[in-house]
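Excluded from the calculations below are hydrogen atoms, water molecules and symmetry mates; all remaining heavy atoms, backbone and side chain alike, are included. Chain letters run A, B, ... following the sequence lines, proteins first, then strands; residues in each count from 1.
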Number of protein chains: 2
Amino acid sequence: MPSSRRITLKELARHLGVSTASVSNAFNRPDQLSHALRERILAEARRLGYRGPDAKARSLRTGRSQIVAVLLAESLTYSLNDAVASELLSGIAEVLDAHGHTLLLLSGRQANDRMPDSASIADGFIVYGLMPSPALLGDLPSQRPQVAVDFDIEGRASVHVDNEPAAHAIARHALKTPPRRAGIINLRLTERACNGRIDADQALLSAHQTITRARLDGFYRAFDECGLDPASVPMWNIEENTFDVCTPVIEAILDLPDAERPDLLLCMSDRIALTVLTLAERRGLRIPEDLRITGFDGIAEGQYRSPRLTTVRQDSVEKGRIAARTVLGLEAATSRLLTTELLVGETCP
Amino acid sequence: MPSSRRITLKELARHLGVSTASVSNAFNRPDQLSHALRERILAEARRLGYRGPDAKARSLRTGRSQIVAVLLAESLTYSLNDAVASELLSGIAEVLDAHGHTLLLLSGRQANDRMPDSASIADGFIVYGLMPSPALLGDLPSQRPQVAVDFDIEGRASVHVDNEPAAHAIARHALKTPPRRAGIINLRLTERACNGRIDADQALLSAHQTITRARLDGFYRAFDECGLDPASVPMWNIEENTFDVCTPVIEAILDLPDAERPDLLLCMSDRIALTVLTLAERRGLRIPEDLRITGFDGIAEGQYRSPRLTTVRQDSVEKGRIAARTVLGLEAATSRLLTTELLVGETCP
DNA sequence: GCGCCTAACTAAATCGATTCAGACAGCGAG
DNA sequence: CTCGCTGTCTGAATCGATTTAGTTAGGCGC
């Protein structure tokens with residue numbers, strides 16, 4: 001009968017009158033002992049309620065834990081409810097699962113902005129996000145594989161999405177119908193908090209945010225090609241990609257007098273675009289007649305609704321798969337660039 | 001300078017000419033040594049690039065890893081993209097974070113339906129889901145705290161939502177306006193696969209699915225009170241709570257001839273209700289005039305849209321918080337029952 | 001000056017496995 | 001008969017920490 005305390009491999013070995021090496025081999029390297037002995041060991045293990053080698057001890061001895069950590073720049077609360085991050089995670093989980101690894105979730109927004117010590121247990125790290133604090137990055141064990149997603153870590157593998165052409169494509173599509181007045185809603189463009197109207201020059205200068213910057217570049221290239229003066233396109237910034245934070249900014253935009261209110265809004269994320277759509281619908285604006293809206297990311301929520309959101313799809317699941325395969329060493333640790341796909345919905349036909 | 005291999009506590013101790021005990025104490029129990037020595041140790045550690053005690057070794061020695069595992073009945077791919085599961089996870093993560101623990105994600109749908117060995121590293125387990133395979137449950141180390149969410153594990157703590165009154169409340173609300181014809185769309189009611197029309201008796205008999213069963217009971221009690229014959233209410237079943245799986249069943253319902261098509265659909269989840277809403281809108285049906293729709297769960301997607309979904313909100317985040325506090329031993333390991341809140345939106349005013 | 005207490009520090013056992021370097025037996029080849 | 005090989009199995013070192021019991025030195029009261 002299983003005693004209160006968990007039985008150990010050594011005790012099991014003594015019970016059987018064999019060495020610990022044989023018991024260990026019975027579980028890990030069947031070819032190293034006779035079939036008969038192996039069966040005897042496994043049977044006795046079952047009888048005594050021994051569930052196999054202890055994970056903690058094994059990971060100490062072998063140096064491997066079969067655990068991969070994902071370090072998310074945002075808080076877990078945010079990330080888990082963000083569709084793009086969730087898709088990324090499911091891509092990662094899919095590959096890890098298939099290779100017997102499990103997923104440790106780490107938040108870059110811990111109380112003290114340092115990694116919890118338990119993090120160092122992981123065999124490898126996938127870092128997702130815009131600007132994880134350098135302190136955090138320094139905490140990563142440098143001898144372990146690391147993969148950066150959507151940004152770069154000096155000298156490490158990374159997976160990116162080709163944002164500039166994506167932005168260019170969707171802006172080109174939107175500008176096929178010349179807008180009376182266009183507008184851009186940015187996401188976390190500036191380091192310092194700023195929720196609302198923002199100066200375009202200022203926006204381009206504060207280049208710390210690579211992704212938004214690349215998307216802006218794509219928009220501007222399209223403006224150029226279509227003869228639209230960038231200076232005539234007002235820009236707003238949103239601090240956090242959530243409905244609640246978006247709402248006041250968007251309300252303010254929709255409150256503008258008719259002459260100033262844009263009839264085309266290029267949004268940096270689907271979350272923003274969907275919020276625009278919701279608030280516009282509640283006001284009785286006709287989409288797309290009164291207001292055309294484009295998003296970015298191609299999340300499910302935007303496609304499984306009516307009207308469907310016009311957006312550029314990035315395959316976040318695939319991004320996750322690649323990151324996971326890279327961290328497991330199944331794929332060369334290089335820099336990968338994924339392409340995107342224009343999805344024309346009804347919000348900007 | 002940091003060598004290629006990570007330096008160990010023992011080496012650090014030798015460098016300093018002190019015992020390993022003192023070094024360990026410098027990191028873990030500052031009161032056990034003089035301030036001067038502690039500073040000397042920490043300074044040398046920094047100089048040599050020693051990042052603190054190794055997590056694997058520490059967890060072996062102390063028996064604790066500061067890791068809590070969440071075992072999800074569904075695949076991680078599904079769970080991460082399901083709003084209810086995501087909210088639960090963020091509640092869990094919030095509490096774990098605050099107490100210096102991290103989150104290990106385990107899928108109940110592993111290839112071989114067994115727990116990966118690495119799982120046993122966790123200090124405690126939160127099990128979420130309807131019917132995790134008994135084999136999996138047996139794999140959980142029985143001496144570690146376990147908390148069940150939305151179902152029961154013999155003799156373990158659990159957190160539940162009070163589904164029957166919730167269902168009763170929303171059905172009562174919906175029936176205030178007598179429907180010409182009502183219908184119910186169930187979720188994973190039967191053990192065996194069945195996507196489509198289902199017999200009500202059969203539904204009530206196959207009681208293996210506690211949550212759906214409780215909700216059905218609530219609906220039927222409301223039917224009773226309102227003098228609606230349960231036999232007159234057709235029922236459909238959906239296998240998986242995703243847009244793609246819902247779609248064909250719902251299309252079939254909407255395809256029914258006018259006389260048979262329900263003008264009130266009580267759905268077992270917001271995901272289902274939102275799919276109904278989308279498909280109905282695409283057909284040009286007027287909501288709620290031609291079709292009234294209710295959901296269940298109160299996910300953000302249903303509220304941050306227009307029209308807002310009428311539903312019952314369960315506080316999944318709080319459910320997660322309680323589960324996490326319980327597994328950490330901050331809360332008594334009992335059975336908790338959470339109440340719900342009726343949200344009246346525009347899909348069924 | 002003596003005894004006692006406390007603060008500061010250390011030696012060594014221990015957590016539970018993995019794995020390398022043999023030991024030993026049996027067998028076929030020469 | 002002996003040699004070497006192969007197939008099994010074992011002894012013991014090791015992974016990197018934590019922690020208990022104990023030593024030493026200094027301070028204080030009397």
Exercise. Hey, which of these two, Leu60(A) or Thr20(A), hits DNA chain D nearer its 5' end, going by closest nucleotide?
Worked result: Thr20(A)
For this session: Go through dA17(D), dT19(C), dA17(C) for me and flag the one nearest to the Pro53(A) side chain.
Result: dA17(C)
Exercise. Can you tell which of dC15(C), dA11(C), dT19(C) lies closest to the side chain of Arg61(B)?
Worked result: dC15(C)
Exercise. To the nearest angstrom, how far is Glu11(A) atom CD from dC15(C) atom C1'?
Worked result: 12 Å
Exercise. Expressed in angstrom and rounded to an integer, what is the separation of Gln143(A) atom CD from dG16(D) atom P?
Worked result: 11 Å
Problem set entry | Rounded distance (Å) that lies between atom C1' of dA21(C) and atom CD of Gln32(A) | 13 Å
For this session: Find which nucleotide of DNA chain C each of Ser22(B) and Thr62(B) is nearest to by heavy atoms, and output the residue with the more 5' nucleotide.
Result: Ser22(B)
Exercise. Taking the six-membered ring of Tyr50(A), is the NZ or CZ of Arg6(A) close enough (under 6.0 Å from the centre) and on axis enough (within 45°)?
Worked result: yes
Exercise. Atom CG of Leu9(A) to atom P of dT10(D): distance rounded to whole Å?
Worked result: 12 Å
For this session: Please tell me which of the listed nucleotides, dA11(C), dA8(C), dC20(C), lies nearest to the side chain of Ser34(B)?
Result: dA8(C)
Problem set entry | From dT18(D), dG16(C), dT19(C), nucleotide with atom closest to Arg29(A) side chain | dT19(C)
Seminar exercise, completed: note: Leu48(A), atom CG; dG16(C), atom P; distance rounded to Å ~ 16 Å
For this session: Would you indicate what Val18(A) reaches in the nucleic acid, counting non-hydrogen atoms under 4.0 angstrom: base, sugar-phosphate, or nothing?
Result: sugar-phosphate
Exercise. Which of the following nucleotides, dG16(D), dC9(D), dT19(D), is nearest to the side chain of Thr8(B)?
Worked result: dG16(D)
For this session: Flag the pair Arg336(A) and Glu318(A) as a salt bridge only when some basic side-chain nitrogen lies within less than 4.0 angstrom of an acidic carboxylate oxygen.
Result: no
Exercise. Side-chain N or O of Tyr50(A) less than 4.0 angstrom from OP1 or OP2 on dG16(C)?
Worked result: no
Exercise. In whole Å, what is the span from the CG atom of Leu16(B) to the P atom of dC9(C)?
Worked result: 12 Å
Exercise. Taking 4.0 angstrom as the limit, do Glu94(B) and Arg321(B) come out as a salt bridge?
Worked result: yes
Exercise. Under a 4.0 Å N-O cut-off, is there an ion pair linking Arg14(A) with Glu11(A)?
Worked result: no
For this session: Go through dG16(D), dA17(D), dG11(D) for me and flag the one nearest to the Arg58(B) side chain.
Result: dA17(D)
For this session: Among the candidates dT18(D), dG16(D), dT19(C), find the nucleotide nearest to the side-chain atoms of Ser24(A).
Result: dT19(C)
Exercise. Charged N to carboxylate O under 4.0 angstrom, Arg51(B) versus Asp117(A)?
Worked result: no
